[in-house]
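Notes to accompany the following structure.
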Amino acid sequence: MHEKLLKPYNPNETEQRIYKKWEDSGYFNPDICVAKGITKADAPHFSIVLPPPNVTGRLHLGHALEHSLQDAVVRFERMRGRRTVWIPGTDHAAIATQSRFEKELQKETGKSRHDFPRDEFFNMINEFGLKNQKDMLSQMRLLGSSLDWSREAFTLDEKRSLAVKTAFKKMYEEGLIYRGHRIVNWDPKGQTTIADDEIVYQEEKTTWYTFKYGPFEIGTTRPETKFGDKYVVMHPDDPRYSKYKDGDTFELEWVNGKTKATVVKDSVIDITTGTGVMTITPWHSVVDFEIAEHHKLEKEQIIDAIGKMMPNTGEFAGLKIADARKQIVEKLRAKGLVVKEEPYTHNIATAERTGGIIEPQIKLQWFINVNKPIPSKGGKTLKELMRGPIASRQIEILPNHFEKIYFNWIDNLRDWCISRQIVYGHQIPVWYHEPKCTPRQGREEDVIKCEQVVVATEKPKCEFCDAGYVQDPDTLDTWFSSGLWTFSTLGWPDQTTDFKTYHPTSLMNPGYEILFFWVARMVMMSEYLLGDIPFKTVYLHGIVRDSKGQKFSKSAKNGIEPEEVIKQLGTDALRMSMIVGIGPGNDLNFDIQKVKAYSKFANKLWNITRFVLSNLEDFDVSKKYELTAADALLMDENHDVVKKITTDMEGYKFYLAAENLYHYVWHTFADKIIEEAKPRLGQPTGNKDKESIQFTLLTILKTNLRLLHPFMPFITEELWGIINGSDDVKLIVEPWPSSQ
RNA sequence: GAGUCCAUAGCUCAGGGGUAGAGCAUUCGCUUCACACGCGAAGGGUCGAUGGUUCAAAUCCAUCUGGGCUCACCA
């Protein structure tokens, strides 16, 4: 009897020791597996790139869920002989990291970004990110993840930066990236543009004002924007206003005196809302902007970048929005132009990261055109490139119904604003000639050839003068670099062996909440840049909530640290609790009771092994034994389990495989097979019936340790070593039981 | 408002045209020499409502009710 088995199982000591051995063995790296003859060089590949966690803090239970799933499939594929790689990495997460850092900086020193030069500030944020990164990488080891550390990547490291610049340049040159004045979501608090999907809507109780506007009555919740409104818009089919024609003008008394207004007819107007008439403020409303663009109307800025009234608002200049609103209503009331004031509830847009109220603004920004036919793609648009491989099932999304949600999103997609006015991130690789080109002697003729704007991966030099180029100060939306993740991690734009061997990747395992942010963009980038899919299967996981179904949040103080759980009950138990019973796309209500149940299972497994080994002391493992008919039947049943588990694993039904294994090991193997074996084991040494059951027990135990390894890697590896009397880690590369 | 998913035991959820399943929880009995982190047993559901298809519906279809999620928008 092995001395370790005399003591209860100690997950903490075991897990740390085993992980170190795995890492030292090199088995996480497929090249080493091939070199050692464990994996055939020409074996089919299986590759996953880890969804890179943001370097904003530490790993939480959601990451534990992600790692449990991915490590299970990676270990399964490695054991069944695939050339398997799982690439680790982290995401610089631009706005998220910068705003987290700024908050801490403000709290600790009272300083803001304006107190530092750009480079210095960038470095400060980067240091903060890298410190978090270090913690996160060691947490990943704690989770037992068999990641190939030799291939670790960061979305902001040198190789990934080259990928970003290369991608940008290609898209720019093909006219897919453009700079333009467009209405954007401006966050006055964060002083940056944010993407549509970074907006959070919040309910607000406000007042619905009805004003007299010439012969019309208009409704609004935002009187302060109504200043320069000189277009009044109504539906062309609205019978109430049929006597007014498109283009009619009229004089009226308005906020700052007499003004002239023009009638515009547009069918986007909802006849049933308010009076069916509205005035438009194109500079500060997406809908209004689109109407103005459509009818080629003038646009005027009313509110500045920090949320105050512009000089052209006369006496209201410099007022904050809320104050201006009150005073303007006062003034209109005095003029007798206020018809009605009613309470009204609506949703206002706020910035997810800073909480600032979004003020739409027209800004010069960089965009990706999703509707432009691309010559090199047979005239397809980026939208179509995103849609194609999902529609054709070249990429399968699990659960399938998310495909419909994905299509619905794509159909409503607008051009993607990719510039951000923050320092942390990939600076846009566009260079402006500054100041104007003053050519050197004798080159005067050439100046017309001088490029004023250059898109390049390196800082360009002007051929004709001594002036330099200045880089665009904006940085890219973090999802731009994330979109390249499946191949930037494999060495692209270089045509590396890794890239050729492992792309397209086999599986992607993100949370469903980033299906659009990320999955869609990976499909877009990969289809556009490589003409290939980024992955074959997307297995979406849900959100981890607390046991009552509440989201984890700082304010609710219901956060649970994965490390605490691991310390208390072990990684294997945590991993099982994250897998059993959780189908793809399902949220998980985390309950420590469930983890406890699987820690008991670990103990059960430990004791099963102890029992079996203690009954094998007079048994020669090297000999071949003849099985009784009953035992042959037990072996067949176990083989059925192998078949079922294998099928479930292949179909990404980990939640069923793990549960079935648990059930078989405990309630069939332990409760029935072992219990019924007891009298037979009491027979004398060498008895044929005893030998048959000894052989059967050992074989079933070893088979099930292999089956359980993907889910509970530590304890199974430890027991495998004990059974085989070896201190080496071997189970991780042991062949998966044959299901033939 | 549009899209989408869900409604099954106290809780969390699998399953899915032919006598209702798991885990946890509950109750009772057991210190039986692998394991009390255990063993044995028990209770508990007309599978959201109504209608339809069918020999047969929890399962398929329709409608409804309630809830979740995503997107859009409220001028």
Side-chain angles (χ1 to χ4, degrees), chain A residues 1 5-6 8-9 196-197 199 201 203-204 206 208-209 218-223 225-226 229 232-234 266 268-270 272-282 284-291 344-349 399-414 512-513 515-516 542-543 545 547-549 569-570 573 576-577 580-583 585-615 653 655-656 658-660 662-663 666-667 670-671 674-675 677-678 681-682 697:
Chain A
M1 168 68 72
L5 286 177
L6 298 175
Y9 177 55
D196 288 347
D197 14 77
I199 290 176
Y201 287 95
E203 199 175 275
E204 186 199 50
T206 182
W208 177 273
Y209 299 95
I218 58 158
T220 185
T221 56
R222 303 210 48 192
T225 65
K226 294 286 134 201
D229 287 8
V232 57
V233 192
M234 62 211 72
D266 196 301
V268 301
I269 297 295
D270 179 2
T272 61
T273 302
T275 56
V277 181
M278 71 173 193
T279 60
I280 57 166
T281 315
H284 300 291
S285 154
V286 179
V287 177
D288 295 4
F289 177 83
E290 280 169 2
I291 294 172
Y344 188 69
T345 306
H346 68 161
N347 293 323
I348 53 163
N400 294 142
H401 71 81
F402 274 94
E403 291 171 358
K404 293 179 199 164
I405 303 175
Y406 180 91
F407 292 141
N408 187 250
W409 177 80
I410 288 183
D411 294 342
N412 293 311
L413 191 63
R414 301 175 196 223
Y512 60 71
E513 75 276 10
L515 179 64
F516 314 128
I543 296 166
R545 303 163 187 277
S547 58
K548 294 179 193 108
L569 298 162
M576 275 298 270
S577 78
V580 173
I582 318 295
N586 278 24
D587 290 346
L588 181 164
N589 290 352
F590 182 82
D591 192 340
I592 194 75
Q593 284 304 118
K594 191 173 172 190
V595 188
K596 217 169 187 171
Y598 292 108
S599 76
K600 288 183 183 178
F601 180 58
N603 180 68
K604 186 75 182 179
L605 203 56
W606 190 258
N607 280 303
I608 287 171
T609 308
R610 180 198 293 181
F611 177 82
V612 171
L613 290 190
S614 70
N615 282 288
K653 293 182 178 169
Y655 59 106
L656 293 180
E659 184 175 353
N660 287 330
Y662 170 92
H663 205 257
W666 199 312
H667 299 299
D671 289 353
I674 287 183
E675 286 306 319
K678 282 178 179 174
L681 290 165
L697 290 179

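None of these values were measured; they are calculated from a predicted model. Every chain is numbered from 1 and lettered A, B, ... according to where its sequence line falls, protein lines coming before strand lines.
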Step by step, work out the side-chain contact (heavy atoms from CB on, under 4.5 Å) result for A:Tyr598 and A:Val580.
CA-CA 10 Å; A:Tyr598 292 108; A:Val580 173; 3.1 Å; yes
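Counting any heavy atom pair closer than 4.0 Å across all strands shown, A:Thr281 reaches no nucleic acid atom. Residue contacts for A:Ile608: at a heavy-atom cut-off of 4.0 Å it reaches a base atom on one of the strands shown. Residue contacts for A:Ser599: at a heavy-atom cut-off of 4.0 Å it reaches a base atom on one of the strands shown. Nucleic acid contact class of A:Ala670 (heavy atoms, under 4.0 Å, all strands): base.
Judged by distance alone, with hydrogens and angles left aside, A:Lys594 brings no side-chain donor or acceptor close enough to the base of B:C24 to form a pair under 3.5 Å. The base of B:A34 sits with one of its N or O atoms less than 3.5 Å from a complementary donor or acceptor on the side chain of A:Lys678.
Going from the C1' atom of B:A72 to that of B:U19 covers 49 Å, rounded to whole Å. When the P atom is compared between B:C6 and B:A62, the two are found 13 Å apart, to the nearest whole Å. Nucleotides B:U46 and B:C5 are separated by 28 Å at their P atoms, to the nearest Å. Of the C1' atoms belonging to B:U32 and B:A41, the separation is 16 Å, rounded to the nearest Å. With both ends at atom C1', the span from B:A25 to B:U12 equals 11 Å, rounded to whole Å. Spacing of P atoms, B:G66 relative to B:A49, comes out at 15 Å, to the nearest Å. Look at the P atom in both B:G17 and B:U4: the space between them is 22 Å, to the nearest Å. Taking the C1' atoms as reference points, B:C69 lies 44 Å from B:C28, given to the whole Å.
Between A:Leu588 atom CG and B:C13 atom C1' there is a gap of 11 Å when expressed in whole angstrom units. Taking atom CD1 of residue A:Ile291 and atom P of nucleotide B:C73, one finds them 13 Å apart after rounding to whole Å. In this structure, A:Asp591 atom CG and B:G10 atom P are separated by 18 Å, rounded to whole Å. Atoms CG (A:Leu613) and P (B:C35) sit 14 Å apart, rounded to a whole Å. A straight line from CG of A:Leu413 to C1' of B:A72 spans 13 Å, rounded to a whole angstrom. Rounded to an integer number of Å, the gap from A:Ile405 CD1 to B:A72 P is 14 Å. If you take CD1 of A:Ile410 and P of B:U4, they are 16 Å apart, rounded to a whole angstrom. Remark: C1' of B:C5 and CG of A:Leu515 are 14 Å apart, rounded to the nearest angstrom.
Comparing B:C74, B:G23, B:G40 by their nearest atom to the side chain of A:Tyr662 picks out B:G23. The side chain of A:His663 approaches B:G23 more closely than any other nucleotide in the set B:G23, B:C71, B:A14. In the set B:C5, B:A14, B:G38, B:A14 carries the atom at the smallest distance from any side-chain atom of A:Asn586. Nearest to the side chain of A:His401, among B:A22, B:A14, B:C5, sits B:C5. Of the candidates B:U70, B:C37, B:A14, the closest approach to any side-chain atom of A:Leu656 belongs to B:A14. The side chain of A:Lys604 lies closest to B:C35, out of B:C71, B:C35, B:C74. Nearest nucleotide to the A:Arg414 side chain, out of B:U4, B:C73, B:G23: B:C73. Across B:G38, B:U70, B:A34, the shortest atom-to-atom separation from the side chain of A:Trp666 is found for B:G38.
A:Ala658 and A:Met576 make their closest contact through O-CE, 3.9 Å (heavy atoms, listed as atom of the first residue, atom of the second, distance). Residues A:Ser577 and A:Phe590 share a closest heavy-atom pair of OG-CE1, 4.4 Å. Nearest approach of A:Thr220 to A:Arg222, heavy atoms of both residues: OG1-N, 2.8 Å. Shown here for A:Leu6 and A:Arg610, the closest heavy-atom pair between the two residues is O-NH2, 3.9 Å.
Taking the charged nitrogens against the carboxylate oxygens, A:Lys226 and A:Asp229 do have a contact shorter than 4.0 Å, which makes a salt bridge.
Using Watson-Crick or G-U wobble geometry with both donor-acceptor distances under 3.5 Å, B:U54 finds no partner in any strand shown. In this structure, B:C28 and B:G40 make a Watson-Crick or G-U wobble pair, each of the two defining distances being under 3.5 angstrom. When both pairing distances are held under 3.5 Å, B:G3 makes a Watson-Crick or G-U pair with B:C69. When both pairing distances are held under 3.5 Å, B:G21 makes a Watson-Crick or G-U pair with B:C13. With a cut-off of 3.5 Å on both Watson-Crick or G-U wobble distances, the partner of B:C47 is given as none.
Taking the six-membered ring for Trp and thresholds of 30 and 60 degrees, A:His667 and A:His663 have ring planes inclined between 30 and 60 degrees apart.
One finds a side-chain N or O of A:His667 lying less than 4.0 angstrom from the OP1 or OP2 phosphate oxygen of B:G23. Contact check, A:Lys404 against B:C5: a side-chain N or O comes under 4.0 Å of OP1 or OP2. The shortest distance between the side-chain N/O atoms of A:Gln593 and the OP1/OP2 oxygens of B:A25 is below 4.0 Å.
Across the interface with RNA chain B, nearest-nucleotide mapping of A:Arg222 and A:Ile582 shows A:Ile582 to be the residue nearer the 5′ end. Nucleotides of RNA chain B nearest to A:Glu513 and A:Gly581 differ in position, and the one nearer the 5' end is that of A:Gly581.
Annotation: cation-pi geometry satisfied between A:Lys678 and A:Phe611 (NZ/CZ under 6.0 angstrom from ring centroid, within 45° of ring axis).
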